[in-house]
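Reading through the structure tokens given below for one structure.
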2 protein chains.
Amino acid sequence: MQDAKNVTITDSEWMVMRAIWTMGHATSRELIDAMNELEGWSASTTKTLLHRLIQKQAVAQHGGSRPFTYKPVVGEKESMAAAADDLFDHMCAMRAGSTIAGVIQSRELSRADIANLQAILAEKAKTAPEEVQCNCLPGDQTC
Amino acid sequence: MQDAKNVTITDSEWMVMRAIWTMGHATSRELIDAMNELEGWSASTTKTLLHRLIQKQAVAQHGGSRPFTYKPVVGEKESMAAAADDLFDHMCAMRAGSTIAGVIQSRELSRADIANLQAILAEKAKTAPEEVQCNCLPGDQTC
DNA sequence: CTTATTAGTTTACAACTGTAGTCACAATAA
DNA sequence: TTATTGTGACTACAGTTGTAAACTAATAAG
């Protein structure tokens, strides 16, 4: 799988990727139908997005003959991780904790997810610093 | 403070907001200098961004006379929460847990942050479902 | 007061996005 | 083998974003 870090997937493109990831692989017809039902998009719109994703090498065309099959080239997990990292990279490091807290509160998580997060946190607690420094401006500040 | 949900702050604009949030309030000169040092931007660029933020009502101009003071209208915490929610809204609900896990692992968190997250998780565990359903396509799927 | 300097407003412009129409060609049906 | 249709490629076009120059109005310096 190609490095998801190098590909920027836009909001509309995400919708298509989600469908492809979930289906595993799909024909354009299947995608067009799914996108029409999900987002009300015209066939053209889905085609364009699919095309852009191919150019970005986030998706690849398979099967030599005409009704091609489309498959993801970038993984869902990696892409999501990259998008999340990208977001947090733009925010104040000092606020990451409370932002994560907000996300956890507003999302549905399974028992397994929670157990996993608890394990990660327990481990992380061992080496956690007392304070995280604000990194918004040159020099030390507190935001 | 105005509802951060309604304002879309772009990547470049975020940089300016971070500076304003950290400084609490600032003159354009201060912002221009900070942005030049941080991002290497020309004065014009910062001015434009500041302007757009004013139009979006994310920032307000204060003080009647010429060297105006600029202050945030939207809060940092709310804006970050909105941005994070926006991101997770576009992703498969089923994958939120592992994405959060990745974020936690890659970010620096203080002891207090961790304790807070642990408390939230403990509470959330009480009512957590066994499974979270994939919401990428119509009908139940697993992605 | 006149001039120089700074701060604020307008305009610019290419790249990227969201959304979609049209054209061309391969596959299929007649 | 020709007409039809499904599928993929190319074109379109307005709005947003990143980046910045040019212009104008206010203030400070002389």
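Reckoned from all heavy atoms, side chains included, excluding hydrogens, waters and symmetry mates. Each chain gets a letter, A, B and so on, in the order its sequence line appears, and its residues count up from 1.
- Using a 4.0 Å cutoff to heavy atoms of chain A, the contacted part of DNA chain D runs 5' to 3' from dG6(D) to dA12(D).
- Here the side chains of P129(B) and R111(A) are not in contact, with every heavy-atom distance at 4.5 Å or above.
- I32(A) and F68(A) fall into different hydrophobic clusters, defined by Ile, Leu, Val, Met, Phe, Trp and Tyr side-chain heavy atoms under 4.5 Å apart, directly or through other members.
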message: Run E76(A) and R95(B) through side chain to side chain contact (heavy atoms under 4.5 Å, CB included) and show every step you take.
response: CA-CA 9 Å; E76(A) 181 173 22; R95(B) 306 286 193 169; 3.0 Å; yes
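- Around NZ of K77(B), the count of heavy atoms belonging to other residues, nucleotides or ligands within 6.0 Å does not exceed 12.
- With the nearest nucleotide of DNA chain D identified for both K47(B) and R52(B), R52(B) has the one nearer the 5' end.
- R29(B) comes within 4.0 angstrom of the backbone, heavy atoms only, and of no base.
- The terminal axes of the helix from dC1(C)-dG30(D) to dA30(C)-dT1(D), fitted over 5 pairs per end, subtend an angle of 10° to the nearest 10°.
- At the heavy-atom level, T27(B) lies nowhere under 4.0 Å from the strands shown.
- From M94(A), atom CE reaches atom OG1 of T142(A) across 4.5 Å, with rounding to the nearest 0.5 Å.
- As judged by a 4.0 angstrom heavy-atom cut-off over every strand, T45(A) is placed among the base-contacting residues.
- Think of the region where chain A sits on DNA chain C: with heavy atoms and a 4.0 Å cut, that region ends 5' and 3' at dT17(C) to dA27(C).
- There is a path of hydrophobic side-chain contacts, each under 4.5 Å, that joins V16(A) to M91(B).
- Taking 4.0 Å as the cut-off between side-chain N and carboxylate O, D113(A) and R107(A) do not count as a salt-bridged pair.
- With the nearest nucleotide of DNA chain C identified for both S12(A) and Q61(B), Q61(B) has the one nearer the 5' end.
- Here the side chains of N135(A) and R18(B) are in contact, with some heavy-atom distance below 4.5 Å.
- Side chains of S106(A) and D85(B): a donor on one and an acceptor on the other come within 3.5 Å.
- Note: the hydrophobic cluster containing L38(B) also contains M17(B) (ILVMFWY, side chain heavy atoms under 4.5 Å, direct or indirect links).
- At a threshold of 4.0 angstrom between heavy atoms, the contacts of L49(B) include nucleobase atoms, whether or not backbone atoms are also involved.
- Nucleic acid contact class of I32(B) (heavy atoms, under 4.0 Å, all strands): none.
- Map G64(A) and T10(A) each onto its nearest nucleotide of DNA chain C; the residue landing nearer the 5' end is T10(A).
- Residues Y70(B) and H25(B) have side chains not in contact (no heavy-atom distance under 4.5 Å, counting atoms from C-beta outward).
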